[in-house]
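Step one of this worksheet: look at the structure below.
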2 protein chains.
Amino acid sequence: MKTISKENYLKIIFSREEETGKPITTTYLADKLNVSKAAITDMARRLAAEELIAYERYHGIRTLPKGKKLAVEVIRKHRLWELFLLEVLNMNWSEVHDEAELLEHTTSDKLMNRIDKFLGHPKFDPHGDPIPNRNGKFPKTAKRMSLLESAEGKKYKIVRVNDASKDVIDFLSKIGIELGSEITVKKILPKNEGALIKNGRRLHSISGNIAAALFIAPAEKGRKR
Amino acid sequence: MKTISKENYLKIIFSREEETGKPITTTYLADKLNVSKAAITDMARRLAAEELIAYERYHGIRTLPKGKKLAVEVIRKHRLWELFLLEVLNMNWSEVHDEAELLEHTTSDKLMNRIDKFLGHPKFDPHGDPIPNRNGKFPKTAKRMSLLESAEGKKYKIVRVNDASKDVIDFLSKIGIELGSEITVKKILPKNEGALIKNGRRLHSISGNIAAALFIAPAEKGRKR
DNA sequence: CTTAAAAGTTAAGCAATCTTAACAATAAAG
DNA sequence: CTTTATTGTTAAGATTGCTTAACTTTTAAG
């Protein structure tokens with residue numbers, strides 16, 4: 001059965017997994033949810049029984065497709081509510097989060113779609129976080145390459161080059177990169193000290209400067225059209 | 001502690017008490033809430049322990065001030081949400097009730113006041129039911145005297161006379177009744193067969209016709225100003 | 001007034017979500 | 001590679017809100 005508690009667990013598990021790419025620990029969840037670690041283990045068993053998560057004793061939690069879907073629905077509701085409360089009802093920035101935290105669990109999909117429509121199908125909430133659409137798809141979001149440590153190993157598309165200086169342009173054209181190029185991020189050094197990317201078969205080292213100028217968005221998966 | 005379940009119990013207990021003026025029975029609640037009678041007894045003990053209701057074994061439930069206050073808050077939220085969903089979000093008449101049933105328990109007073117303001121402090125919901133204001137006061141509602149069986153013994157004010165025929169006007173003036181008069185309802189006969197009212201010290205018998213033409217609203221309580 | 005039907009209560013138990021305390025596994029440090 | 005600190009699990013128990021079944025009180029009918 002779907003409960004408020006379970007929705008909250010899944011929401012946090014999902015978000016954390018997106019952030020780290022690693023299994024979520026008991027301690028992290030106990031902290032975030034303000035409950036004992038025993039409570040986490042307990043719930044983990046129940047969520048696993050419903051195939052919402054994969055849970056391996058002593059080795060953390062991962063979401064399964066069903067759990068992911070539920071989590072995304074809750075996140076969608078949360079973000080739409082935040083926007084709605086802020087923009088339509090003129091609530092304060094500071095109040096909006098807690099309010100949405102409550103409403104997100106008692107809002108039907110139908111109502112949520114009404115609100116979505118009312119707001120003009122927004123893609124981002126007041127914090128700039130992406131709002132998944134009614135099918136659970138997140139809008140592609142472009143970020144500075146220099147800030148993308150978490151996403152190493154994945155394919156990205158260059159969507160903006162935030163620097164028009166000759167040096168930068170020249171360097172990029174020299175290594176065969178232009179707007180729309182698809183590259184693979186191999187390594188992002190912390191503190192904006194550059195990056196390692198792969199363009200086709202060639203591996204290139206990028207300075208911090210340039211990594212900060214390049215805005216990249218996840219490349220489409222699946223077959224090309 | 002305040003829970004969704006308790007709010008629902010109180011809401012129904014309060015409404016039923018307003019309607020009948022009598023203690024609420026276990027069977028009635030079990031029916032309304034779709035739970036066993038044992039569950040009602042159980043909850044009654046818990047609500048009584050919190051002084052939300054007065055509960056006497058085998059003799060039903062009455063609300064206490066604290067419970068009344070809570071119930072009115074929930075009713076206010078319910079009705080405001082219904083209006084909001086219908087008018088602002090264009091939801092269907094049929095969907096609005098169930099949706100409000102959920103939202104009413106997860107909406108802060110602050111948010112509710114925003115919605116109230118957004119709607120222009122409405123006094124009635126889409127069903128015509130009165131919406132209590134933020135202090136829990138219901139707007140005075142005028143009703144045909146012929147339909148007010150429930151309210152015998154109380155003081156009312158004549159707020160509308162929905163019949164301009166000479167006979168009616170003459171009769172009323174003969175017994176000393178005009179717009180604004182305060183009378184006490186002594187007896188309302190069912191099937192619109194008339195009423196017995198007291199105007200000052202005099203007792204008058206009213207025909208069904210006239211009882212249907214007189215719109216009355218609860219008289220103000222407390223000291224006159 | 002008695003008695004059967006209706007209404008209400010109690011007892012035992014279950015599921016969900018917690019808690020604390022004791023114990024077990026893993027990871028980190030030497 | 002052992003030892004210890006950290007992390008995680010289990011067991012037992014509490015609370016909320018239910019259920020069913022057995023029992024008690026009240027009400028209504030004769």
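Chain identifiers are assigned alphabetically (A, B, ...) following the order of the sequence lines, protein sequences preceding nucleic acid strands; residue numbering begins at 1 within each chain. Just so we're clear, the structure is a prediction, and the values are computed from it rather than from any experiment.
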Counting only side-chain N and O atoms of [X], is one of them less than 4.0 Å from OP1 or OP2 of [N]?
X	N	result
Thr26(A)	dT9(D)	yes
Ser5(A)	dC18(C)	yes
Arg46(B)	dG17(D)	yes
Ser36(A)	dT19(C)	yes
Tyr9(A)	dC18(C)	yes

Check the interface with nucleotides 25-29 of chain D: list each N/O to N/O pair with the protein under 3.5 Å, or write none.
unit_1  : atom_1 : unit_2   : atom_2 : d
dT26(D) : OP1    : His59(B) : NE2    : 3.4

Taking only the side-chain heavy atoms of [X] (C-beta and beyond), determine which of [options] contains the nearest atom.
X	options	value
Val35(A)	dG8(C), dC18(C), dA11(C)	dC18(C)
Thr41(B)	dC18(C), dT17(C), dT10(C)	dT10(C)
Thr3(B)	dT16(D), dT9(D), dT19(D)	dT16(D)

Is a salt bridge present between Glu56(B) and Arg62(B), judged by a nitrogen-to-oxygen distance below 4.0 Å? no

Quickly, which of Arg76(A), Lys123(A), Lys110(A) forms a salt bridge (Lys or Arg N to Asp or Glu O under 4.0 Å) with Asp116(A)? Name it, please. Arg76(A)

Does the side chain of Asn8(A) come under 3.5 Å of the side chain of His105(A) through a donor N or O and an acceptor N or O? yes

Rounded distance (Å) that lies between atom P of dT9(D) and atom CZ of Arg45(A): 9 Å

How long is the line joining NZ of Lys22(A) and C1' of dT26(C), in whole Å? 15 Å

Does Asn133(B) use its side chain to pair, donor to acceptor, with the backbone of Gly136(B) at less than 3.5 Å? yes

Using a heavy-atom cut-off of under 4.0 Å over every strand shown, decide if Tyr28(B) touches base, sugar-phosphate, or nothing. nothing

State whether the number of non-hydrogen atoms from other residues, nucleotides or ligands found under 6.0 Å of Glu50(A) atom CD is greater than 12. yes

Run the ring pair (Phe, Tyr, Trp, His ring centres under 6.0 Å) check on Trp93(B) and His127(B) step by step: do they pass? CA-CA 10 Å; Trp93(B) 189 268; His127(B) 306 285; 5.1 Å; yes

To the nearest 0.5 Å, atom CD1 of Ile13(B) lies from atom OH of Tyr9(B) at 8.5 Å

Using heavy atoms to find the nearest nucleotide of DNA chain C for Thr27(B) and Met43(A) separately, return the residue whose nucleotide is more 5′. Thr27(B)

